[in-house]
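Below, chains carry the letters A, B, ... as their sequence lines are ordered, and counting in each starts from 1. Note that these values count all heavy atoms, side chains included, but never hydrogens, waters or copies made by symmetry.
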Amino acid sequence: MAVGSLVIHNISETPPFPLDDEKAGRVNEDLRLHYRYLDLRRPGMFHALKLRSKAAKATRDYFDEEGFLEIETPCLFKSTPEGAREFLVPSRLNAGKFYALAQSPQQYKQMLMVAGVERYYQIARCFRDEDLRADRQPEFTQIDIEASFIEREDMYALVEGMLARIWKEVLDVEIRTPFPRLAYREAMDRYGVDKPDTRFGLELVDLSGLFKASAFKVFAGTVSSGGVVKALNAKGLADATQGEMRDLENAAKSLGAKGLAFIRVTPEGEWKSPILKFFSEEERAELKRILGIEPGDLVFFAATEWERACTILGRVRLDSAKLLEKRGRLSIPQGQYNFLWVIEFPLMLFEEEQGRFVAAHHPFTAPVPEDVPLLDTDPKAVRGQHYDCVLNGWEIAGGSIRIHQPDLQKRVFEEILQIPADVVEERFGYMLRAFKYGAPPHGGIAFGFDRLVSLLAGKPMIRDVIAFPKTQKGQDLMSDAPGSVTPRQLRDVHIELAGVEDM
RNA sequence: GGGGUAGUAGCUCAGUUGGUUAGAGCGCCUGCCUGUCACGCAGGAGGCCGCGGGUUCAAGUCCCGUCUAUCCCGCCA
């Protein structure tokens, strides 16, 4: 090779941190976010952007071939009474009025169904003004899907096809369809969460029957007052350190446990436990049989209301798995993708604080037809036509068949959810009207695209698959957003700041 | 709103029971060498120890407050 001429287009200053993947991966993230344009030069970050682009293209190709239309819906929407806290946008042209940034295109896409679109999808930006987490951003992206004349089975097949297509094109991995299905009740019973990671066992076991009449009052009393006794055998974790046990107990307590009872089985097979003295010989034998207890095991108990007991042990199960992985006694292979559907969710949950029912998914979810009569008599027992798609312990999508009958929707708003009629009219009047014009039965689902890509990329944080993510306080460190505005701008939008310093 | 972790050189970190001029690796600068490629050699610059108080003869180190980032709980129909 011979150089004919050399042009220096620009001279670079020394970058503030190394740009090779190995070193930069350990650099403070706030520094990387300040210089995001440099961070994105790293091969690993560029790879993630490319992967994201490929996933989006595979999605579009798939839905295009399936006859779906990609339709954009407004980001500037109106505030809705239930659901996530919204970002408010003051209206200059309408003094004192506000838009809300759409939490999702939910209501628009249902209107598209009424409009006869029949097959809609969109890779949509959504906004929620809630506190952030490693897997949450204030603005995030959904693959949003809705179709008319569709039932749950159609939706499962459609979505499985989409995921198979994405996995094939992005990773060249064949995933097995159809996905297994798990009822919400069973997911909670066996795994203690509604988004189980089924790549490993350590399943929860119900011992309520065994301890119903036990001499151990704590367990027997819980069962007789309607609670449950559940246990989890963390196989091979008997050598958990004091610190690890304390962490597990604290995790359990944070979920409402009073403590975390356990039995530690020494390598010699001796059972050690503060509660062992309360168990009869028969109970010990049954425990050993049911839980398959062997030397080296560590068994945890939770005795309280069903849901809480499940949740507590569900958390202990995940934490135990991590500890076992650390010891090399449990291995979760990279590249294993356990997709599954969680179905048969309750339609309503009773919200103690508000003293009323709230929608488990959202108020547009249709009840299972045969459960409709229960709406009046026993709302808690009504199952919704709701489905979640779960991958390796992550809820990657959720959706439902919707209510399309105006009278039923009105009933759910006013009678079940106890939203005042005038509020219903103000917020949802247009929907109820729309449904009166021959709304087709319809349903849909929405995927968290950022999470999906992070799982494809094998990255633990969605910030790593978003070009310009925000910090936990919702700031963009590169551009320094949000920032202050001039008094003139505030006047334009009819806003006065109260009690805010440093303007 | 609550709890945990972290903050020392451009970056990653060390810094003992509080004790003299705060160190290392990488990077940077200068020179030398060079078919090099995690080059090598010699030399050098670079520090409000996050910020503000306090204790003390003496604080990077102890105490209080605060800021920032992050993880979690609440929250996320």
Tell me, which of residues 466-475 of chain A have any heavy atom that sits under 4.0 Å from an atom in RNA chain B? A:T471, A:Q472, A:K473, A:Q475
Roughly how far apart, to the nearest Å, are [N] and [M] at atom [atom1]?
N	M	atom1	answer
B:C49	B:U21	P	15 Å
B:G19	B:G7	C1'	25 Å
B:U61	B:C72	P	30 Å
B:A24	B:G15	P	15 Å
B:C41	B:G4	P	47 Å
B:C73	B:G50	P	30 Å
B:A14	B:U8	C1'	10 Å
B:G74	B:U20	P	48 Å

Contact between A:R52 and A:T141 at the side-chain level, heavy atoms closer than 4.5 Å - yes or no?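 Yes; the side chains approach each other to less than 4.5 Å.
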Nearest whole Å is fine: how far is [N] [atom2] from [X] [atom1]?
X	N	atom1	atom2	value
A:F87	B:C76	CZ	C1'	12 Å
A:Q106	B:C76	CD	P	17 Å
A:D135	B:C73	CG	P	9 Å
A:R308	B:C73	CZ	C1'	13 Å
A:D30	B:G10	CG	P	15 Å
A:I462	B:U70	CD1	P	12 Å
A:D39	B:C11	CG	P	14 Å
A:F140	B:C76	CZ	C1'	9 Å

May I ask which nucleotide in the shown strands pairs with [N], Watson-Crick or G-U wobble, both distances under 3.5 Å?
N	answer
B:G25	B:C11
B:C76	none
B:U34	none
B:U68	B:A6
B:C62	B:G54

What is the nucleic acid contact for [X], judged by heavy atoms within less than 4.0 Å: base, sugar-phosphate only, or nothing?
X	value
A:M348	nothing
A:R133	base
A:R136	base
A:P16	sugar-phosphate
A:V27	sugar-phosphate
A:L31	sugar-phosphate
A:N28	sugar-phosphate

Side chain of A:D131: nearest nucleotide among B:A69, B:C75, B:C71?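 For A:D131, the side-chain atoms sit closest to B:C75.
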Is A:E130 salt-bridged to A:R136, going by a charged N under 4.0 Å from an acidic O? no
Geometric class of the [Y]/[X] ring pair [parallel <30°, tilted 30-60°, perpendicular >60°]:
X	Y	answer
A:Y121	A:F63	parallel
A:Y108	A:F77	tilted
A:F364	A:H362	tilted
A:F87	A:F127	perpendicular

Closest nucleotide of RNA chain B for A:R26 versus for A:S104: which of these residues is on the 5' side? A:R26
Test applied, side-chain hydrogen bond (donor to acceptor under 3.5 Å, both in side chains); reference residue, A:Q110; option that passes from A:H442, A:H404, A:E146: A:H442
Please report the closest heavy-atom contact between A:G398 and A:D388, naming both atoms and the distance. CA-OD1, 3.3 Å
Strictly by modelled atom types, are A:S454 and A:R451 linked by a side-chain donor-acceptor pair under 3.5 Å? yes
Please confirm whether the shortest side-chain N or O distance from A:R463 to OP1 or OP2 of B:A69 is below 4.0 Å.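 For B:A69, neither OP1 nor OP2 has a side-chain N or O of A:R463 closer than 4.0 Å.
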A:E425 and A:R433: salt bridge (Lys or Arg N to Asp or Glu O under 4.0 Å), yes or no, with the steps? CA-CA 10 Å; A:E425 173 54 31; A:R433 257 189 307 286; 3.2 Å; yes
